[in-house]
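Structure first, then comments.
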4 protein chains.
Amino acid sequence: MAPSNEQKLDQIHLKRIEQIKKAALKVFAHRGIIGTKMSMIAAEAEISQGLSYRYFKSKEELFITLIQEAMEEANAAFQHVQQLPGTPLEQIRTLTQNILDESNKYPFLLIQHASVSDEVPPKAKQIIEHFSTNVPIEQLIPLFIKGQQLGQFCEGDPYKLLFCYMSVITGLMLQEKQTEGKNWSEDVDILMKIITK
Amino acid sequence: MAPSNEQKLDQIHLKRIEQIKKAALKVFAHRGIIGTKMSMIAAEAEISQGLSYRYFKSKEELFITLIQEAMEEANAAFQHVQQLPGTPLEQIRTLTQNILDESNKYPFLLIQHASVSDEVPPKAKQIIEHFSTNVPIEQLIPLFIKGQQLGQFCEGDPYKLLFCYMSVITGLMLQEKQTEGKNWSEDVDILMKIITK
Amino acid sequence: MAPSNEQKLDQIHLKRIEQIKKAALKVFAHRGIIGTKMSMIAAEAEISQGLSYRYFKSKEELFITLIQEAMEEANAAFQHVQQLPGTPLEQIRTLTQNILDESNKYPFLLIQHASVSDEVPPKAKQIIEHFSTNVPIEQLIPLFIKGQQLGQFCEGDPYKLLFCYMSVITGLMLQEKQTEGKNWSEDVDILMKIITK
Amino acid sequence: MAPSNEQKLDQIHLKRIEQIKKAALKVFAHRGIIGTKMSMIAAEAEISQGLSYRYFKSKEELFITLIQEAMEEANAAFQHVQQLPGTPLEQIRTLTQNILDESNKYPFLLIQHASVSDEVPPKAKQIIEHFSTNVPIEQLIPLFIKGQQLGQFCEGDPYKLLFCYMSVITGLMLQEKQTEGKNWSEDVDILMKIITK
DNA sequence: GATGAATGAGGATTCATTCAT
DNA sequence: GATGAATGAATCCTCATTCAT
C-alpha cells in the first residue's frame, strides 16, 4: 500500500525537524545561545528565516530540545559503557574515545556551554542539573571504585577523581574547538594517566 | 603636603577605571562579550549606565582592555615561574596553584572565552594570538624538555604534553565556575599526574 | 507571461527602496542629517522603524546614497543644458527654471545642506567635492564665457559670475523652503538680471 | 569709591555671559542647534562643561537669546540704513556691505539657520516670525518704492524685489561659509544689479 | 508547507543637565 | 563661582518573531 498523504507529510515534518536540529546543534555549540542568531541556523540548514518557527516555538525551545537530547545521549553512553567487556580502565578508555569522536563533539560542547554559561534559559539548567546530579555520576562512580579495588586507578575520593577526569575531557574538547580537524582520539592514553596509578 | 586638585581628580579617575574593570571582568568572565549587557556591568559596579563611556569608548574597547591585561598577567606568571627555585615539576606545580587561585580565576576564564568564542572582536583575537603563539609556549616548552631530561616528565612530544596540561587546567577552571567556592588548589597533585611519569 | 516569483520580490524590493529614499530625501532636506531621526523617516514612509535597515545599512549610508543620486541628477541637468538650442542666456534660463521646479527642490536642498554642514559624513563630503570640483563648473564656465562673448552676460571673471549665480539660486531655494507652495519659477527673469548686462 | 563686591560680581557675571554668547553664536552658526553640543560651546568659550548652566537655563534658552539679539541687531541695522544720506541705491548698498562684513556674519547665519530649519525651538521661530513679518520689510519696502520712483530700481512688485534681494544675500553668505576667508564685500556691485535697472 | 518581508522590543551609545566638591 | 564627574532619557540599530503571499 502506498503511504498515505498524511504519512508523507509526517516524513517531511520529521526530516525538517532533524535538519533544523542538526544545523542548530552545530551553531549553538560554536557560538552559544546568545551568540547564535536564528538566521545563522536557517542559513546552516539552508531554509528560510521563518521556517524554524513552524517546528519550534522559539529559539529557547529549540535550544532546550537539543540540550535534552544531548543529555539523554550522554546518559545512554554512560550506561552503555558498563555493559562493555573488559576492565574499568578499558571501559573508561572506550568511553573517552567515544566522547572525543568527531560525531559526538557538538552535543558535548553544547552541554559544556549550557553548564557553564549564565545565558541559558533556566529550564536548560534544570535539565543539566537533573541529569548531572542524578544519573551519570551514580553510574560512573562504581566503575571508578572497582578500578581502584583492582589497583588500576589511583587512590583517593572517587568523586574527585571523576571530577578531574571530566575536567580533562572538557578542556580537551574546548581546545579542540580551536584546533578543528586535528584528531586527539589517538592520544587517549595520555588522558588515562590522570586516573591511573 | 596636601594632594593637588589635579591629583585628586586623577585618583578618582583611576579608582573608577579599576571599579569598572573589576565589575566588567567578573561579568564578562561569566557571560561572554555578547551575553554581557552594559547595564549589567554598570549594576555590578554600582554606577549609572552612561558612566562607563567616560572611561571606555565602547563595550568592545573595555573587553579588549581586559583581555590585554589578562594576557599580560598570564605572561608575567609564565615568566615568573622560571625564576623559581626547584625542579621543573615543582615549578609547574606552583604555576598551576597560582592559576587555580581564586584571585586569578576571572582573567583565566576571560582568556578561555576569548580563545574559544567566535563572538569576540578581531582585535581581542589578535592579542590572544600574539601572546599565545609568541610567548608562553616558547617559555614553558624548555621547562617541559628539562623535565623530560630529568626523567620527571613523561616522554613524547613536549608540545602535545603542554597542550594536554593546558586542557586540564582549562577544564578544571570551567568546572570550578560551576562549583564556585570549592577550592581545588590543594588537589594540584592529581593534575600533575598527567605530565609526570 | 506572468512575472516569476523572484521578479515580484525584486519589485517589492525596489518599491520599498524608492519609498524609503523618497521619505528620507524629504526629511533630510528639511532637517539635516543629525536633525533627522530614523523614526521620522519611518513615519514619513509609513513603515516600521526597523525596516529601513533591511535596505540601508545605516542612516549614514542612506544619506550618502541620496547625496550621490542628487549629485548625479544635478550633473546630468548641467550636461543636458548644453545640448539645448538657443543662446547661453536661454540655456541658463532653462536650467534655472528646472532647478527651481518643485520636483527638484529636495535634492537641491540636500546638496546645499551637505555642502554647508559640518555634520555630514566625510564620504558625503567627498562625493560633493568630487562632483563640484570636477564636473559642473567645468561644464557651465564655457557657457558663461560664450555668453560674455556674445555680449549677453556682463563682464568680469566668469568664475565669480557663476559663483554669484549659484548663490542666488541657493538663497532662493532656501527662502522657498519657508514659503512652501509659492512657485517662483515664473520670476526667473529677475534672477537672470544678475548675470546679464 | 571702590566698586562694591556686588558690582564686581556683576561684572564677572556680564563678562561670562558675553563670553558664552560669543562662543555659542559661532558654533550655532556653523553647526545648527542640533549639531551643536554644549561641550563644543564650552570648549570654544574655554570654560567647563557645567558653567553655561549657571547663566542659561538650557541650550534652548541660550539659542533663543542669541536669536533674539540677532534679530534686534538686524532690525537696528535696517532702521539705521534709512537715516543714512544718499539715494536708496546707496543706502541698500551700504546695508549690503554691512551684512556681508565679517563681524556680522554669524548673527546672519544664525537667523538663516533658524528661519530654515525645522529643528529650532518654536519660540525661536516665533521671534523670527515676529520681526520678519512686522518690522524689517515694513522698513525696507519704502526704500524700494522710492528707488523705483527715482528710476534707479527695476520695476515690479517691490515685495518680490526685496525677497530676491534677501535671497541673494542669504545665498552668498552660505557659500561664504564654505569659502571662509574670502571677502566678497568688494563685489557688492554685482549684487546690486539684481535690484537695479 | 515555505518564503522572506515586516514589526517592535531591547540593548549600545550619546549628550543635555545636575550635583558633589 | 567654577569644575568635571555622574546621571538617564533619547536615539540608532539588531534580531527574535509574526504574517502576507
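Letters A, B, ... mirror the listed sequences (proteins, then strands); counts begin at 1.
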Given Watson-Crick or G-U pairs with both distances under 3.5 Å, what dot-bracket string fits DNA chain E, with | for other-strand pairs and [ ] for crossing? .||||||||||||||||||||
Grab the CG-C1' distance between A:Leu14 and E:dG1 for me, whole Å please. 15 Å
Whole-Å distance separating the CD1 atom of D:Ile12 from the P atom of F:dT3: 12 Å
When you measure from the side chain of D:His113 to the backbone of D:Phe28, do you find a donor-acceptor pair of N or O atoms at a distance under 3.5 Å? no
To the side chain of A:Lys59, which of F:dG1, F:dA16, E:dT7 is closest? F:dA16
Give A:Phe56 one of three labels, base, sugar-phosphate or nothing, depending on what nucleic acid heavy atoms sit under 4.0 Å from its own. nothing
Taking A:Gln19 as the fixed residue, which of A:Lys15, A:Arg16, A:Lys22 is the one that meets the side-chain hydrogen bond (donor to acceptor under 3.5 Å, both in side chains) rule? A:Arg16
Comparing C:Glu46 and B:Ser58 on DNA chain E - which has the more 5′ nearest nucleotide: C:Glu46
D:Glu119 has an atom CD; how far is it from atom P of E:dA16, in whole Å? 13 Å
Does F:dT7 have OP1 or OP2 under 4.0 Å away from a side-chain N or O of B:Arg54? no
Counting any heavy atom closer than 4.0 Å, what does D:Ser52 reach on the DNA or RNA strands: base, sugar-phosphate only, or nothing? nothing
Take atom NZ of C:Lys125 as the centre, draw a 6.0 Å sphere, and report whether it contains more than 12 heavy atoms from other residues, nucleotides or ligands. yes
Given F:dC13, is OP1 or OP2 found less than 4.0 Å from the side-chain N or O atoms of C:Tyr53? yes
Residue met sooner reading DNA chain F from 5', once C:Glu60 and B:Gln49 are mapped to nucleotides: B:Gln49
Check for a donor-acceptor pair, side chain of B:His30 on one end and backbone N or O of A:Asp118 on the other, with a separation under 3.5 Å. no
Tell me which of B:Gly50 and C:Ile47 sits closer to the 5' end of DNA chain E, going by the nucleotide each one is nearest to. C:Ile47
Heavy atoms, side chains only, cut-off 4.5 Å: are C:Ser117 and C:Ile33 in contact? no
Just the rounded figure in Å: distance from C1' of F:dT11 to CD1 of D:Ile34. 11 Å
Looking at F:dC12, E:dA6, F:dG1, which one has an atom nearest to any side-chain atom of C:Lys37? F:dC12
Length of the CG-C1' vector between D:Leu51 and F:dG1, whole Å: 8 Å
I'd like to know whether NZ of B:Lys21 has more than 12 heavy-atom contacts from other residues, nucleotides or ligands below 6.0 angstrom. yes
What is the distance from CD of D:Gln11 to P of F:dG1, rounded to the nearest Å? 14 Å
Could you state the atom-to-atom distance from CZ of A:Phe63 to P of F:dT17 in whole Å? 14 Å
Between P on E:dA12 and CE on C:Met38, what's the gap in Å once rounded to a whole number? 20 Å
Look at atom NZ of B:Lys59 and say whether more than 12 heavy atoms of other residues, nucleotides or ligands are closer to it than 6.0 Å. yes
